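Computed from a prediction, not measured in an experiment: that's the story for all the values here.
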Amino acid sequence: MAAAPAVNLTRIFIRLKLSLLRNGLKGSSKRKAAYFSSLAFALVVGFFTTLGLALLHGHAHAGTVVVLLAAILALGWSVMPLFFPSGDETLDPSRLVMLPLRPRPLVRALLASSLVGIGPLFTVCLAVGSVVAVARGAAGAVAAVVAVPLLLLGCVALARAVATANVRLLTSRKGRDLALLSGLVIGVGAQVANFAGQRLFETGGLERLEPAEAVLRWLPPATAVGMVDSASEGAYGVAAAQLALTLLALALLLMAWERSLTKLMVTPDGSTIAAAQPKEGRSAAGGPARSLLPGGRTGAIMQRTLRYVVRDPKTKAAWVTALVVGLIVPVFNALQGTGSVYLACFGAGMLGVQMYNQFGQDTSAFWMVAQTISTPRDAFTELRGRACALALVTVPYTVLVTAVTAALVHDWRGFPAALGVALALLGSMLCSGALASARFPYSVPTDGAFKNVAPGQGGLAWAGIFGGLLASAVISSPVIALAIWCNVADQQSLSWVLLPLGVLWGALAAWSGLRLAAPVVARRLPEILLAVSKG
């Protein structure tokens, strides 16, 4: 009996990756436009980045820059599968568990197919620019030729190993929550990068990065770029050690990937079994937190709203992002010496935006809520419960952010005035948010991590948010004007009046907004239900 012909698994997987790319672009002009615009953007940015790095050739600190860049590039490759698990279908090897494939050939095939895409192309551009910046002489040129593929393979293998080790997480609801929180990481990272960049140029430039670079050049895969720099300087022993460390790290990554892949292919997924087991001591009434809420319908509405914050991925992502960014902006500005205690209002504003489009956040479940609303009084109770749930978190948070900012800028005299303005702004946003939810409701799609508005409803979203923000500024303008006058006229003794005034003004504004929005909700309930159900 003739033996079956050998199958080149690597070639098959490369063809499969190309087929996935090609078929994903069929029948959708939007997908084609997005893909080719992303490709063009990557090529343009990669070209100019490579050119900029090449211009560093001969600079005293070129090695510092490119080694740090290689470390950041590797870090990006390692975390991208965690935050964007749906960006590449081939990142999920659990789709292959039913096929008769051995782990080692599968690792080679997946590694080769992973080199096809925009990300690897952009990485090659950065790698080429990095080695050109530091390569000098024949030894440096030879090391550069070896370093480019080693850096690329190290980044791709790192991403694959992380994705395979966490594939159960990435395909679960917790993984989707993690993907939705990527916007938070990007926002926080931007603030950290901005702060670090300003500190860097204020305190001595690139020389201050040399200690970090001295450590990172011995951490793979940045060791590949460090090897080129060492070989160019004639430190051949150091370059050989860095090359050996790079190869060892790549081999260990491939072994870890193969081991995770083997475990994934032979181990059943028991996540549903664990989820089906009841937790001991879990109260059907909602646990200890339920006792902190008022009784009756208002307490039930508050409990439902807070449960959405904990359980719904998009609502959770919006709240966590608002909480973290609302604290980071005033704190980072204070640390840079450009802060003011009044920047604490930014935190109140970030959470106040959560009041907008209250009904759209319920998605298709709003029809059940709509069954309980038949009169303006019912609508007022519904809006009041949602506003109280928001205030339950936002008011203590605003006090905390204001106190932290005042401590960092050493301006406790301005604390009561800033807190009063922040609470007045928060109440004004509860007012305008209730009216925007009644007048400009829109649907929030359940699919897609970054789809927050259903197609065709973008105008409603912009009108509600920006109109509400403008209205909030107008409503709280008397308190803001009084705070400005106290600062300009140096009447710090009167600033204490702003705290009770801001509390009363914010409470009155919120109550008035709920009263005005309630009859609108009761009258437009069918239109609201239709608008929020379009997603």
Side-chain angles (χ1 to χ4, degrees), residues 13-14 17 21 38-39 41-43 45-46 49-50 53 65-93 107-131 146-167 169-170 175 178-179 181-183 185-186 188-190 192-193 212-213 215-228 242 245-261 449:
F13 269 72
I14 293 176
K17 181 64 175 289
L21 290 175
S38 300
L39 178 61
F41 178 77
L43 289 174
V45 174
T49 305
T50 304
L53 291 172
V65 173
V66 297
V67 168
L68 290 173
L69 179 62
I72 294 172
L73 186 65
L75 179 63
W77 272 94
S78 65
V79 300
M80 282 303 170
L82 297 178
F83 292 121
F84 300 98
S86 59
D88 186 354
E89 294 178 345
T90 64
L91 284 175
D92 185 6
V107 165
R108 290 196 297 266
L110 288 173
L111 181 62
S113 64
S114 299
L115 300 177
V116 179
I118 297 177
L121 177 62
F122 184 71
T123 302
V124 169
C125 293
L126 295 186
V128 170
S130 298
V131 298
V146 177
V148 171
L150 284 180
L151 179 60
L152 176 62
L153 290 174
C155 290
V156 174
L158 181 60
R160 279 292 185 175
V162 171
T164 304
N166 296 277
V167 68
L169 170 67
L170 299 181
L178 184 64
L181 291 177
S182 59
V185 175
I186 294 172
V188 173
V192 172
E213 182 266 342
V215 175
L216 291 175
R217 67 165 53 232
W218 290 100
L219 294 179
T223 47
V225 179
M227 172 192 66
V228 180
Q242 290 171 328
L245 191 57
T246 306
L247 294 173
L248 177 62
L250 181 59
L252 291 177
L253 275 176
L254 294 176
M255 290 173 60
W257 181 14
E258 181 182 348
R259 185 174 181 179
S260 299
L261 195 59

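With Ser260 contributing its side chain and Trp257 its backbone, the two residues share no donor-acceptor pair below 3.5 Å.
Minimum interatomic distance between Gly226 and Arg217 (heavy atoms only, all atoms of both residues): O-NH1, 3.5 Å. The minimum heavy-atom distance between Ala147 and Val228, with the atom names listed, is CB-CG2, 3.4 Å. In terms of heavy atoms, Val162 sits closest to Ser78 at CG1-O, 3.4 Å. Summarising the geometry of Leu250 relative to Leu153, their closest heavy-atom pair is CD1-O, 3.8 Å, with the distance given to 0.1 Å. Residues Arg160 and Ser113 approach most closely at NH2-OG, 4.3 Å, considering heavy atoms. In terms of heavy atoms, Val225 sits closest to Ala70 at CG2-CB, 3.8 Å.
One distance of note links CG of Leu73 with OG1 of Thr123; it measures 4.5 Å at 0.5 Å rounding. Here the OG1 atom belonging to Thr50 is positioned 8.0 Å from the CZ atom belonging to Phe122, to the nearest 0.5 angstrom. Annotation: the span from Leu111 atom CG to Leu253 atom CG amounts to 10.5 Å, rounded to 0.5 Å. Note that SG of Cys155 is 4.5 Å distant from CG of Leu151, once rounded to the nearest 0.5 Å. Between the CG atom in Leu219 and the OG1 atom in Thr246 there is a gap of 10.5 Å [rounded to 0.5 Å]. In this structure, Leu254 CG and Arg108 CZ are separated by 10.5 Å, a value rounded to the nearest 0.5 Å.
Taking 4.5 Å as the limit, some side-chain heavy atom of Pro120 sits within range of a side-chain heavy atom of Trp77.
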Would you check, one step at a time, whether the test side-chain contact (heavy atoms from CB on, under 4.5 Å) holds for Leu39 with Leu121?
CA-CA 9 Å; Leu39 178 61; Leu121 177 62; 4.0 Å; yes
Would Leu150 and Leu247 count as a side-chain contact (heavy atoms from CB on, under 4.5 Å) if you check the C-alpha gap in whole Å, the side-chain angles of each, and the deciding distance to 0.1 Å?
CA-CA 8 Å; Leu150 284 180; Leu247 294 173; 3.7 Å; yes
